[in-house]
Novice: 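One structure, pasted below without further comment.
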Amino acid sequence: MKLYNTLTRTVQEFAPQDGSTVRFYSCGPTVYDHAHIGNLRAYIVADTLHRTLQAAGYGVRRVMNYTDIDDKTVKRSQQKYPNDEPMAALKKLTAEYIKIFLDDMRHIGNRVDNIIFMAATDNIEPMQKMIADLHKKGFAYLADDGVYFSIDAYKKSGKKYGQLLTLTAENTSEARIQNDEYDKESAHDFALWKAQKPGEPTWPFTLDGRDLTGRPGWHIECSAMGRKGLGQPFDLHTGGVDNIFPHHENEIAQSTADEQDPILAHFFAHNEHLLVDGKKMAKSANNFYTLADIVQKGYDPLAFRLLILQSHYRSQAQFSLANLEAAQNRLQSLRAMADLQFQVKGVEPWLNTDPSLSSMQNALFEDLNTPLALGNLNNLVTLAEERLISTDELELFQKMLQTLDQLLGLGLADRQDISQEQKHLITKREQTRTDKAWGKADELRKQLANQGLGIRDTNNGPIWYRLREK
RNA sequence: GGCGCGUUGGCCGAGGAGUUAGGCACAGCUCUGCAAAAGCUGCCACACCGGUGCGAAGCCGGUACGCGCCUCCA
């Protein structure tokens with residue numbers, strides 16, 4: 001398949017190094033609060049990429065991290081559980097939000113059973129080992145408040161700092177960056193390890209005979225977990241565009257300082273932001289929605305998934321309730337198609353000649369073109385609604401729904417049939433129509449509507465569909 | 001200030017030198033006792049100014065506006 005690579009700024013043919021299994025690291029959540037739906041976009045993109053790689057015939061080994069120790073988790077745990085020991089408070093807080101995160105993931109159709117989750121706090125030791133190694137080789141130095149990575153030393157070793165973006169004198173000018181609060185040698189050096197501060201959870205750490213009890217810096221977490229979970233270099237690293245700098249750039253530097261080839265991952269893929277009123281959704285800007293917010297407004301989490309899939313992952317996407325409404329309506333129509341599996345009424349088979357599925361796959365293989373894939377899917381929807389499904393092709397249809405779900409995760413294969421009672425009402429209505437007892441027929445239609453079912457009368461008999469709740 | 005991306009119809013959103021994207025909304029029509037979230041039809045757009053092409057919305061250059069990164073951030 002083809003995929004845009006931030007390292008080369010071009011769309012390239014992607015294949016795993018060993019030809020069979022993709023080693024894939026996708027940046028995960030900082031578990032200090034509910035994720036907002038902008039965050040969720042990144043996870044939907046990673047999940048869809050995972051599905052597409054599988055459809056391309058590859059095995060996928062994907063690691064996702066939980067950042068469960070950093071400034072925000074520490075701060076929030078202190079606020080929320082002031083009477084607990086710092087470590088206990090941290091664990092309590094992060095366990096809570098990991099659970100919420102996993103629930104969100106499932107609700108928006110992301111698979112979690114195929115991800116290897118790694119928590120930073122479970123991997124302190126490999127981080128410390130990396131830091132010690134970097135220090136030993138002269139890429140890290142000790143300061144009063146912790147251990148820092150020396151970008152200068154990295155550059156002097158002949159490696160490039162700035163693989164993912166163009167760094168110039170102007171945008172790296174030290175005058176532009178206020179770092180008075182840190183004891184580092186150079187403005188762009190970053191913390192590998194932060195020495196203990198009062199009230200913070202800590203892990204013992206000794207380096208060069210000095211007691212450095214404290215906690216890891218953010219960037220080293222991903223470097224250590226990627227190396228441990230996947231080996232290095234691995235195939236693919238993903239995240240939001242805001243991770244390009246400094247996070248991923250710093251990961252590359254740390255992870256490759258003592259390597260022959262400065263390659264952390266062969267591909268970096270980054271998704272663009274979800275915008276609200278034309279601006280990036282962000283906690284700090286207070287312009288965000290959570291999944292709970294939109295569910296509370298009556299929208300289906302899978303409508304949100306569809307909204308995300310309707311735009312290309314490298315384009316900024318516009319979020320609004322009006323757009324979510326449109327996605328919800330489109331989802332209803334896809335579901336109406338899926339529900340045809342319970343209403344075998346077609347006369348002429350047509351499904352085996354429909355090219356929608358393969359054109360969809362091809363769209364996904366072209367740099368994950370989900371909007372085009374959905375466009376191609378529409379052909380299938382129109383044909384199905386028009387010609388219905390016949391007995392001979394029911395099995396094929398169901399198999400196709402499963403394939404669709406494997407690709408897009410919209411839950412079209414998991415639909416439930418209506419009850420026997422409801423089927424009976426529909427049959428009864430047909431009888432009254434035959435008898436031309438229109439008043440009674442309309443009454444039955446109303447009764448079905450109260451149960452959430454609409455009926456359209458076709459030449460092949462009545463077709464039910466689920467009405468939108470609300 | 002530097003680096004990068006974008007500007008497509010009422011809204012969302014692909015494509016990308018000559019041929020319908022698709023969806024949502026809206027309007028008309030069709031089958032129909034009624035109805036339909038069913039079908040058909042209409043709405044046929046690509047910021048602006050130059051340039052290169054037989055031909056440009058698509059390529060090149062510039063202008064305007066917008067967004068992002070340079071600080072934690074998906």
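All chains are named by letter (A, B, ...) in the order of the sequence lines, taking the proteins before the strands, and each is independently numbered beginning at 1. Reckoned from all heavy atoms, side chains included, excluding hydrogens, waters and symmetry mates.
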Novice: Any side-chain donor paired with an acceptor under 3.5 Å for A:S358 and A:Q361?
Specialist: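 No, no side-chain donor-acceptor contact under 3.5 Å.
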
Novice: N/O contacts under 3.5 Å, protein versus nucleotides 8-11 of chain B?
Specialist:
from: B:rC11; atom 1: O2'; to: A:N323; atom 2: OD1; distance (Å): 3.4

Novice: Strictly by modelled atom types, are A:D367 and A:Y313 linked by a side-chain donor-acceptor pair under 3.5 Å?
Specialist: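 Looking only at side-chain atoms, A:Y313 and A:D367 do form a donor-acceptor pair, the distance falling under 3.5 Å.
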
Novice: Between B:rG15 atom C1' and A:L374 atom CG, what is the distance in whole Å?
Specialist: 15 Å

Novice: When you get a sec, tell me which of B:rC24, B:rA36, B:rG2 is the closest nucleotide to the side chain of A:R456?
Specialist: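 Closest nucleotide to the A:R456 side chain: B:rA36.
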
Novice: Answer with base, sugar-phosphate or nothing: what part of the nucleic acid does A:H312 contact at a heavy-atom distance below 4.0 Å?
Specialist: sugar-phosphate

Novice: Distance check needed: B:rG16 C1' versus A:N369 CG, whole Å only.
Specialist: 12 Å

Novice: Counting only side-chain N and O atoms of A:N39, is one of them less than 4.0 Å from OP1 or OP2 of B:rA74?
Specialist: yes

Novice: Rounding to an integer number of Å, can you tell me how far A:L453 CG sits from B:rA36 P?
Specialist: 17 Å

Novice: Between A:D47 and A:R305, is there a salt bridge with N-O shorter than 4.0 Å?
Specialist: yes

Novice: Using the P atom as the point on both nucleotides, what is the distance between B:rG6 and B:rC40, in whole Å?
Specialist: 35 Å

Novice: Taking atom P of B:rG22 as reference, at what distance in whole Å does atom CD of A:Q310 sit?
Specialist: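 The distance from CD of A:Q310 to P of B:rG22 comes to 14 Å, rounded to the nearest Å.
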
Novice: Which of the following nucleotides, B:rC12, B:rC70, B:rG22, is nearest to the side chain of A:Q318?
Specialist: B:rC12

Novice: Rounding to an integer number of angstrom, what distance separates B:rC44 and B:rG51 when you compare their P atoms?
Specialist: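 Result for the P pair: 29 Å, nearest Å.
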
Novice: Just the dot-bracket of RNA chain B, please: which string comes out with Watson-Crick or G-U pairs under 3.5 Å, [ ] for crossing, | for another strand?
Specialist: (((((((..(((.....[...))).(((((.......)))))....(((((..]....))))))))))))....

Novice: Specify the separation, in whole Å, of atom CG of A:D277 and atom P of B:rC67.
Specialist: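 Taking CG of A:D277 and P of B:rC67, I get 11 Å after rounding.
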
Novice: Provide the distance between the two C1' atoms, one in B:rG9 and one in B:rC72, to the nearest whole Å.
Specialist: 40 Å

Novice: Using heavy atoms to find the nearest nucleotide of RNA chain B for A:N271 and A:L372 separately, return the residue whose nucleotide is more 5′.
Specialist: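 Residue closer to the 5' terminus by nearest nucleotide: A:L372.
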
Novice: Could you measure between the two C1' atoms, the one in B:rC60 and the one in B:rU52, and give it in whole Å?
Specialist: 7 Å

Novice: Using the side-chain heavy atoms of A:P371, tell me which of these nucleotides is nearest: B:rU71, B:rA37, B:rG13.
Specialist: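 The answer is B:rG13.
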
Novice: Any salt bridge between A:R215 and A:D71, counting N to O under 4.0 Å?
Specialist: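 Looking at A:R215 and A:D71, the cut-off is met.
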
Novice: Would a line drawn from the ring center of A:F319 to the ring center of A:Y289 be shorter than 6.0 Å?
Specialist: yes

Novice: Quick one, A:V22 with A:R62, criterion side chain to side chain contact (heavy atoms under 4.5 Å, CB included). Give me CA distance, side-chain angles, the key distance, then yes/no.
Specialist: CA-CA 8 Å; A:V22 180; A:R62 175 153 70 115; over 6 Å; no

Novice: Mind running side chain to side chain contact (heavy atoms under 4.5 Å, CB included) on A:F268 and A:Q163 for me, showing each step along the way?
Specialist: CA-CA 11 Å; A:F268 277 80; A:Q163 293 191 26; over 6 Å; no

Novice: Before accepting this row, confirm whether a basic side-chain N of the pair A:R433/A:D442 lies closer than 4.0 Å to the acidic partner's carboxylate O.
Specialist: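 A:D442 and A:R433: not salt-bridged.
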
Novice: From the options B:rG22, B:rC69, B:rA14, select the nucleotide whose nearest atom is closest to the side chain of A:R330.
Specialist: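 So the nucleotide nearest the side chain must be B:rG22.
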
Novice: Among the nucleotides B:rC24, B:rC3, B:rG39, which one has an atom lying closest to any side-chain atom of A:E385?
Specialist: B:rG39

Novice: Taking atom P in both B:rU41 and B:rG23, compute the distance separating them and give it to the nearest angstrom.
Specialist: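 Pairwise P distance, B:rU41 against B:rG23, rounds to 12 Å.
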
Novice: Got a salt bridge between A:D300 and A:R335, using NZ or NE/NH1/NH2 to carboxylate O under 4.0 Å?
Specialist: yes

Novice: Charged N to carboxylate O under 4.0 angstrom, A:K155 versus A:D152?
Specialist: no

Novice: For A:N329 and B:rG23, what is the distance between atoms CG and C1' respectively, to the nearest whole Å?
Specialist: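 A:N329 atom CG is separated from B:rG23 atom C1' by 10 Å.
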
Novice: Strictly under 6.0 Å, is that where the ring centroids of A:H237 and A:H266 end up?
Specialist: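 No, ring centres 6.0 Å or more apart.
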
Novice: Tell me whether A:E385 is salt-bridged to A:R456, with the criterion being a basic N under 4.0 Å from an acidic carboxylate O.
Specialist: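 Yes, charged N to carboxylate O under 4.0 Å.
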
Novice: CZ of A:R41 versus P of B:rG13: gap in Å, rounded?
Specialist: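 Spelled out: CZ on A:R41 to P on B:rG13 is 9 Å.
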
Novice: What integer distance in Å separates A:Q316:CD from B:rC69:C1'?
Specialist: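 The answer, rounded to whole Å, is 11 Å.
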
Novice: Taking only Lys NZ, Arg NE, NH1 and NH2, and the carboxylate oxygens of Asp or Glu, determine whether A:K280 and A:E272 approach each other closer than 4.0 Å.
Specialist: no

Novice: Side chain of A:P246 only, heavy atoms from C-beta on: which candidate in B:rA74, B:rC70, B:rC67 is closest?
Specialist: B:rC70

Novice: What is the nucleic acid contact for A:I455, judged by heavy atoms within less than 4.0 Å: base, sugar-phosphate only, or nothing?
Specialist: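 If one applies the 4.0 Å heavy-atom cut-off, A:I455 turns out to touch a base.
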
Novice: For A:V381 and for A:T166, find the nucleotide of RNA chain B with the closest heavy atom, then tell me which residue's nucleotide is more 5'.
Specialist: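 Comparing both residues, the 5'-ward one is A:T166.
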
Novice: What string of B, S and - do you get for nucleotides 26-34 of chain B, 5' to 3', if B is base contact, S is sugar-phosphate-only contact and - is no contact with any protein heavy atom under 4.0 Å?
Specialist: -----S-BB

